[in-house]
Amino acid sequence: MYTDAPSPSNNHPYYPQSLVLPGYVEPTHTSAHLLASMTLIIGLPLVALHIAAKHRRPHLSTADRFIFLWFVLCGSLHCLFELHYLRNFHTLASNADFASSLWKEYAKSDSRYLAQSPLVYVLESITVFVVGPLSLFTAWCIWQQRQNHSSAARFLGQMAVSLMHLYSALVYFGSEFLAKQSNCRPEPVYYVGYLISMNLPWIIVPIWLVVQGFGVIAHAMKNAKRHGRKD
């Protein structure tokens, strides 16, 4: 909701300043506490999984271990953290729990997450119910793969998830950059540190995974044609 006239409901740190958030409640934790907690929540399980993969799946290459962890990270964020956003879509601004406070912190770089944006809701719905489970499935395929043998399902999942990530990033950033009013606070920490830096991995890594997956599929097709000619 937007308005040109200031009101008590505008008493929040988000942009544009005309944004009205009825019932808004300030986060219950400081920015430093939220960021440090999120780093630990994400980092510790990934470190544990990395150690487990090195010991229980020693045949996985360094690249495959990284890709495995990437899809675990994506699936976990999509199916848990972003599911919280969908479940609290209409009440996020007035909630005071820890996860809502994390969303409020990120919303300083994109207030659409508190403004009940239909576009964000649709993108997050696809991410939670399609991309998230498919990410976990792809991670499972990598974990299950044998030495020197990768399943077709792994690369199909890898390509599908990565292309959906790239499409979502294009729509997400495109809609923000083309908006008449910015939804991000003007400070560099929010524009560069949050909006750009926190989303950039979902552009760089998927591009690499698409290129890698395309190369593997193309190589497999060439081998299939070569064997077909011999037969």
Side-chain angles (χ1 to χ4, degrees), residues 42-43 45-47 49-83 110 119-178 192 194-231:
I42 292 175
L46 290 181
V47 170
L49 280 173
H50 174 69
I51 295 172
K54 287 191 69 174
H55 285 83
R56 300 192 61 183
R57 294 294 188 271
H59 60 277
L60 291 178
S61 66
T62 301
D64 278 347
R65 281 199 300 272
F66 171 81
I67 297 170
F68 166 72
L69 293 176
W70 168 256
F71 283 115
V72 170
L73 171 64
C74 292
S76 301
L77 286 176
H78 298 337
C79 293
L80 297 175
F81 185 54
E82 290 167 73
L83 177 62
D110 188 353
L119 172 65
V120 172
Y121 186 84
V122 170
L123 287 177
E124 291 292 351
S125 296
I126 296 172
T127 300
V128 169
F129 296 112
V130 179
V131 184
L134 194 53
S135 295
L136 295 176
F137 170 75
T138 305
W140 179 81
C141 288
I142 296 172
W143 181 265
Q144 292 294 113
Q145 72 184 35
R146 300 173 185 174
Q147 189 169 6
N148 299 322
H149 178 76
S150 300
S151 68
R154 172 257 171 99
F155 285 102
L156 289 175
Q158 176 176 318
M159 293 285 283
V161 170
S162 299
L163 288 172
M164 283 189 280
H165 276 148
L166 290 173
Y167 177 76
S168 295
L170 177 63
V171 174
Y172 179 72
F173 279 114
S175 60
E176 168 61 19
F177 295 154
L178 293 174
V192 178
Y194 284 20
L195 184 64
I196 301 299
S197 298
M198 286 187 178
N199 290 287
L200 197 59
W202 277 267
I203 297 177
I204 295 176
V205 176
I207 289 175
W208 171 57
L209 292 178
V210 167
V211 171
Q212 187 212 47
F214 179 82
V216 170
I217 293 172
H219 181 70
M221 292 182 68
K222 286 182 180 179
N223 285 340
K225 286 184 178 180
R226 190 180 298 118
H227 290 307
R229 289 171 183 171
K230 289 181 180 180
D231 295 339

**Student:** Do the non-hydrogen side-chain atoms of Q144 and R57 ever get within less than 4.5 Å of each other?
**Tutor:** yes
**Student:** Can you find a side-chain donor-acceptor pair between Y172 and D110 that sits under 3.5 Å?
**Tutor:** yes
**Student:** Between V161 and C74, does the side chain to side chain contact (heavy atoms under 4.5 Å, CB included) criterion hold? Intermediate values first, please.
**Tutor:** CA-CA 10 Å; V161 170; C74 292; 5.6 Å; no
**Student:** Is it true that a side-chain atom of R65 and a backbone atom of A53 form a donor plus acceptor pair closer than 3.5 Å?
**Tutor:** no
**Student:** Contact between L73 and L69 at the side-chain level, heavy atoms closer than 4.5 Å - yes or no?
**Tutor:** no
**Student:** With a 4.5 Å limit on heavy-atom distance, are the side chains of D64 and S61 in contact?
**Tutor:** yes
**Student:** What about W202 and W70, are their ring centers closer than 6.0 Å?
**Tutor:** yes
**Student:** Check the pair Y194, N199 against side chain to side chain contact (heavy atoms under 4.5 Å, CB included), reporting the backbone distance first and the verdict last.
**Tutor:** CA-CA 8 Å; Y194 284 20; N199 290 287; over 6 Å; no
**Student:** Between Q158 (side chain only) and L209 (backbone N and O only), is there a donor and an acceptor less than 3.5 Å apart?
**Tutor:** yes
**Student:** Which heavy atom of P201 sits nearest to which heavy atom of P206, and what is that distance?
**Tutor:** O-CD, 3.2 Å
**Student:** Are side-chain heavy atoms of I67 and W208 found at a separation under 4.5 Å?
**Tutor:** yes
**Student:** Would you give the length of the straight line joining atom CD1 of I217 to atom CZ of F155, rounded to the nearest 0.5 angstrom?
**Tutor:** 8.0 Å
**Student:** Show the nearest heavy-atom pair for residues S76 and L136, with the distance to one decimal.
**Tutor:** N-CD2, 4.2 Å
**Student:** Provide the full list of side-chain hydrogen bond (donor to acceptor under 3.5 Å, both in side chains) pairs with a residue in residues 162-171, sequence neighbours left out, each pair given once.
**Tutor:** H78-H165
**Student:** Identify the heavy atoms of V72 and A139 that sit nearest to each other, and give their distance.
**Tutor:** CG2-CB, 3.8 Å
**Student:** Atom CE of M198 and atom CG of L200: how far apart are they, to the nearest 0.5 Å?
**Tutor:** 12.5 Å
**Student:** Would you indicate whether the side-chain heavy atoms of Q212 and I207 approach each other to under 4.5 Å?
**Tutor:** no
**Student:** To the nearest 0.5 Å, tell me how far I196 CD1 sits from I203 CD1.
**Tutor:** 7.5 Å
**Student:** Roughly how far apart are K54 NZ and L60 CG, rounded to 0.5 Å?
**Tutor:** 12.0 Å
**Student:** Please report the C-alpha distance between I142 and F71 in whole Å, then the side-chain angles of each, then the deciding distance to 0.1 Å, and finally whether the side chain to side chain contact (heavy atoms under 4.5 Å, CB included) criterion is met.
**Tutor:** CA-CA 10 Å; I142 296 172; F71 283 115; 4.2 Å; yes
**Student:** Would you please test F66 and H50 for side chain to side chain contact (heavy atoms under 4.5 Å, CB included) and show each step?
**Tutor:** CA-CA 8 Å; F66 171 81; H50 174 69; over 6 Å; no
**Student:** Show every side-chain hydrogen bond (donor to acceptor under 3.5 Å, both in side chains) that has at least one partner inside residues 119-140, sequence neighbours left out.
**Tutor:** Y113-E124
**Student:** Rounded to the nearest 0.5 Å, how far apart are CE of M164 and CE of M159?
**Tutor:** 12.0 Å
**Student:** When rounded to the nearest 0.5 angstrom, what distance separates CG in L123 from CG in L119?
**Tutor:** 4.5 Å
